[in-house]
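Written out below as C-alpha cells is the structure these notes cover.
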Amino acid sequence: MHLSLILLEVKMAENSEQYEDSSLYRIRHSASHIMAQAVLEKFPEAKIAIGPAIEDGFYYDFDLPRPLTSEDLESIEKRMRSIIQSKVDFVRKEVSAEEAKKIFHDQPYKLELIAGLEEGNVDEDGNPVDEKPEISIYSQGGFVDLCRGPHVANSAEINPQAIKLLSVAGAYWRGDEKRPMLQRIYGTAWNKPDELKEYLWRIEEAKKRDHRKLGQELDLFSVADEIGAGLILWHPKGGKIRKIIENFWSEEHEANGYEFVYTPHIGKSKLWETSGHLGYYKENMYSPVDIEGQQYFLKPMNCPFHIHIYKSSLRSYREFPLRYAEEGTVYRFERSGVLHGLMRVRGFTQDDAHHFCRPDQMPEEIDFVLNFSLHILRSFGFHDIQAYLSTKPEKSVGEPERWLAAEAALEESLKRTNITYKVDQGGGAFYGPKIDLKVKDALGREWQLTTIQFDFTLPDRFDLTFIGEDGQPHRPYMIHRALLGSMERFFGVLIEYYAGAFPVWLSPIQAVLIPIADRHVNYAKEVAATLRQSKLRVMVDDRSERMNAKIRDAQKQKIPYMLVIGDKEAENHQVALRLRNGENLGPISIAAFIDRATEDIKQKI
RNA sequence: GCCGACGUAGCUCAAUCGGCAGAGCAACCGCCUUGUAAGUGGUAGGUUAUGGGUUCGAUUCCCAUCGUCGGCUCCA
C-alpha cells in the first residue's frame, strides 16, 4: 500500500497519440493481422482474440489446439513474409452488428467483442469507451478481422525483412486470470531492416546488462534454492556497494533534518488491524506467528512503527517537520511467477521515511523532499529523471476536496522544482496522490525509484495529533517516501544502468595492482598499502599469471583502474595506469594516481 | 498463481534410439617470470534440482514437489 513495491518499468516514454497516427503503428498493426492470417492457415480451427500494435512491435492472442513451438514461430514468420510479398490489399468495411456476428459466427472471442461494441461500452480491444463505436472489419488475403484500424493500404508498405517474431507466451483472455489462457505471439516490425537490427541489438544489449547475469559474473549477490525464492544473499562485493550507498544515504539524511529510527520486524495483529493492512493488504502478508497466544505478523511496511514513535509523546507544532528515516526490512508475499532477480523479491529493505507536519507546512515539505530526492538521484549519476503525478483513483478514501488540494500541492511543487512531469490520471494510491520519479538509462529504459505519497488515512486511523499554536490538538499531515525505493531494487537498477561498471566511488574494488613478474609483488604490496592509506579500495593480483591474463580478468570484473607494475615503475616509484575503457595512460607517480582517483571519487564519476 | 520452456561439476554447455556422465573456463598442485584482454602441464571436482514410478537398465520416459526463464495476472 503506502510505499508499494516499486515497479520495474521498462516502457520507453512515448506520445501514444502520435504513435497511433504513425506509419509504424499501421505497419505493426497490419503485421499482426498478417500473423493471424498465417496462424489461421496453419491451424484452421484456431480461435483468434485480439492483436494490437504495441510499443516496439505487436502481438496477437490465439486459442490453439496445441502449444506453439519455436519451429511453429519460424514457419509462421516465413509464411508472413510470403503474404507480405504477395502485396495484399487491406480493405476496410463498416458493418452492422448483425453482419459482424455472421462473419465471426465461429469466433467466440470476436462475438464477445462485438457484443461489447453493441452495448457501446468497450472497443474491439476490450477497452472501455464512452461513445458507441462503429463496427468495422478489415480484410486482407482472405483473412477478416474485427478492427478499428488503421492499417496500411497494401502489404507492400511492410518491409518483409524488417519483421520478426520474438516469443510466445501465455496471456489471459481480457487480461482476466479467471478466463481462458490464450497463447500470445509477440513480434516486432520496423520501417527498415536496419531499424530491426538496431532493435534486436538493443535486446541483446539489455541481456548483457541483466543484473541477474552481472550479479553472478561480478559476484555481487545470489539467491539459493535452499533458502527460498525471492530472498537475496548479498555477497561481499555487493555488500560493499550497499554499505557505501548506506553511508552516503545516512550522511545526506542526517545533514537534511532526518532522524534515524529502528523498528522491529514483527508486530501484533492489532497493530495491523488499526493500520488497515489486515483489511487491505493481507494477501501480501505472511501467516502470523503465535507468541504466547498472541498473533504477530512479519511487517510488510514500516509506517505503523514510525507512527508509534510519533505517538510515544505529545507532539508540538514547534517540532515540525518531523522526518523519521529507516532502512526498514520488510517481507511481502509475492506470487512465485512474479519474482525477478533483485527487482521483485519477497524480503527487501526500503529506504523509508515518514514526514509529519502541519497542513500549512506541506507545500514546503513537498518541495524539500522533491529537491532532496533529485539531489540524491543525481549523486548516483541519474540525470534523465522524469516525474509522474498520480491522481485520485476511482476507489479512494478521503474527501474529494482534500484530494484536489493535495494534488494541487504536489503539482505546484513539481512546477516550482522545474522538473518535467506527466500526469497519471487515477494512478494514485487509494489513500492519497503521489509523485514518482523514474530515471532513464542508456537504452532508453525507464526505472521507477522514488515515490512520494500523501496519506489521508493513517493519521486518522492512529488518531495522530499535535498541539497547535492555539493550544488545541490538531491532525498532522503525513507523507511516506522511499527515495531509492528498496536497496535490492536500487542495486538492480544501478547494475543495469552502469552495466556493472560502477562509478569509482561505488566500485567494490577501485584499483587492481598488476605486478608483471613475481619480483614486482613486494613493490605492488607497498603501493597497495599507500593507496589504502588514502582510503582507496585496492587489491594486488599476485597470481603467477601473465600480465595479459590479469588485465583480462580485471577488465571482466570492470575494475576502474588497473595499475601495471614492472621494472620501470618499481624503479621510478610509479604505476602504469590503464582504465577499464581500454585506455592506457602510461606511467604516473603514485601521488598523481591518488590525486586522480580521489578526484574521480569526489566527483562521483 | 496461470500458460509455455527449462534444471547435468562453482560457471558456460555436451552426452545418438533408454545402455560406462564429458569438455572448456574457474579451483588446486607444478613449470614458465611475463609490458596492456586468456603461457603451459597435471590433479581434483557429480546421488544429473528433490521425491516417487515404469524398466534388466533412466540424465534420457511418466507423475509430484521445488526452483529458474519468457509472458499474463498481480504489485490495494
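What you are looking at is a predicted structure, and each value in this text was computed from that prediction instead of being measured. Labels below follow one simple rule: chain letters A, B, ... track the order of the sequence lines, proteins then strands, and each chain is numbered from 1.
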Practice prompt. To the nearest Å, give me how far apart OH (Y59(A)) and P (rG70(B)) are.
Written response: 19 Å
Worksheet item: Can we say D176(A) and R174(A) salt-bridge, meaning some charged N sits less than 4.0 Å from an Asp/Glu carboxylate O?
Response: no
Discussion item. If only side-chain N and O atoms count, and only distance matters, is there a donor-acceptor pair under 3.5 Å linking R578(A) with Q555(A)?
Written reply: yes
Discussion item. Using a 4.0 Å heavy-atom cut-off to protein, can you give one letter per nucleotide of nucleotides 35-43 of chain B, 5' to 3': B if the base is in contact, S if only the sugar-phosphate is, - if neither?
Written reply: BBBBB----
Worksheet item: Do you know which of L271(A), L278(A), I266(A) makes side-chain contact (heavy atoms from CB on, under 4.5 Å) with F297(A)?
Response: L278(A)
Worksheet entry | K164(A) backbone acceptor or donor facing E77(A) side chain under 3.5 Å | no
Worksheet item: Relative to Y59(A), does R184(A) satisfy both conditions: NZ or CZ under 6.0 angstrom from the six-membered ring centre, and within 45 degrees of the ring's axis?
Response: yes
Worksheet item: Are F62(A) and Y60(A) an aromatic pair by the rule of ring centers under 6.0 Å?
Response: yes
Fill in: Residue met sooner reading RNA chain B from 5', once D225(A) and P515(A) are mapped to nucleotides
P515(A)
Worksheet entry | Rounded distance in Å between the P positions of rG71(B) and rU55(B) | 42 Å
Worksheet item: Would you say a side-chain N or O of Y186(A) is under 4.0 Å from OP1 or OP2 of rC72(B)?
Response: yes
Discussion item. I'd like the C1' distance from rU68(B) over to rG53(B), given in whole Å.
Written reply: 25 Å
Fill in: C1' gap between rC20(B) and rG4(B), integer Å
35 Å
Item to complete: Taking the six-membered ring for Trp and the full ring for Phe, Tyr or His, determine whether the centres of F58(A) and W190(A) are under 6.0 Å apart.
Response: no
Discussion item. Between rA49(B) and rU8(B), how many Å separate the two C1' atoms, rounded to a whole number?
Written reply: 10 Å
Worksheet item: In whole angstroms, how far is the C1' atom of rC32(B) from the NZ atom of K550(A)?
Response: 13 Å
Practice prompt. For rU34(B), take OP1 and OP2 only and decide whether either is under 4.0 Å from a side-chain N or O of R519(A).
Written response: yes
Response to the item:
To the nearest angstrom, the CG-C1' distance between D56(A) and rG71(B) comes to 16 Å
Worksheet item: For the pair made of CG in D72(A) and C1' in rG4(B), what is the distance, rounded to whole Å?
Response: 12 Å
Worksheet item: Out of curiosity, I479(A) CD1 to K434(A) NZ, how far, rounded to the nearest 0.5 Å?
Response: 14.5 Å
Worksheet, complete the sentence: Rounded to whole Å, CG of D219(A) lies from P of rA27(B) at a distance of 13 Å
Discussion item. Using the P atom as the point on both nucleotides, what is the distance between rC11(B) and rC69(B), in whole Å?
Written reply: 15 Å
Discussion item. Classify A517(A) by what it touches in the nucleic acid, base, sugar-phosphate, or nothing, heavy-atom distance under 4.0 Å.
Written reply: base
Discussion item. Counting Watson-Crick and G-U wobble pairs with both distances under 3.5 Å, what is the dot-bracket string for RNA chain B, 5' to 3', using [ ] for crossing pairs and | for pairs to another strand?
Written reply: (((((((..((((.....[..)))).(((((.......))))).....(((((..]....))))))))))))....
Worksheet item: Out of I34(A), L64(A), L68(A), which residue meets the side-chain contact (heavy atoms from CB on, under 4.5 Å) rule with V39(A)?
Response: L64(A)
Worksheet item: When rounded to the nearest Å, what value does the distance between C1' atoms of rU73(B) and rG10(B) take?
Response: 36 Å
Worksheet item: rG42(B) and rU36(B): how far apart are their C1' atoms, nearest whole angstrom?
Response: 29 Å
Worksheet, complete the sentence: Among the nucleotides rU34(B), rC3(B), rG1(B), whichever has the atom closest to the side chain of M181(A) is rC3(B)
Practice prompt. Please figure out whether S167(A) or L182(A) has its closest RNA chain B nucleotide nearer the 5' end.
Written response: L182(A)
Worksheet entry | Pairwise P distance, rA9(B) and rA14(B) [rounded to whole Å] | 12 Å
Item to complete: For Q216(A) and rU68(B), give me the distance from atom CD to atom C1', rounded to whole Å.
Response: 12 Å
Practice prompt. Taking the six-membered ring for Trp and the full ring for Phe, Tyr or His, determine whether the centres of F456(A) and W403(A) are under 6.0 Å apart.
Written response: yes
Worksheet entry | Within the 6.0 Å centroid threshold, strictly below: F593(A) and Y561(A) | yes
Practice prompt. Ignoring hydrogens and angles, answer whether the base of rG1(B) and the side-chain atoms of Y172(A) contain a donor-acceptor pair closer than 3.5 Å.
Written response: yes
Discussion item. What contact category does R184(A) fall into here, base, sugar-phosphate, or nothing, at under 4.0 angstrom with non-hydrogen atoms?
Written reply: sugar-phosphate
Practice prompt. Check the distance between rC75(B)'s P and R489(A)'s CZ and give it to me in whole angstrom.
Written response: 16 Å
Worksheet item: Can you find an N or O donor on one side and an acceptor on the other, under 3.5 Å apart, linking the side chain of R344(A) with the base of rC74(B)?
Response: yes
Worksheet item: For the pair made of NZ in K213(A) and P in rC69(B), what is the distance, rounded to whole Å?
Response: 14 Å
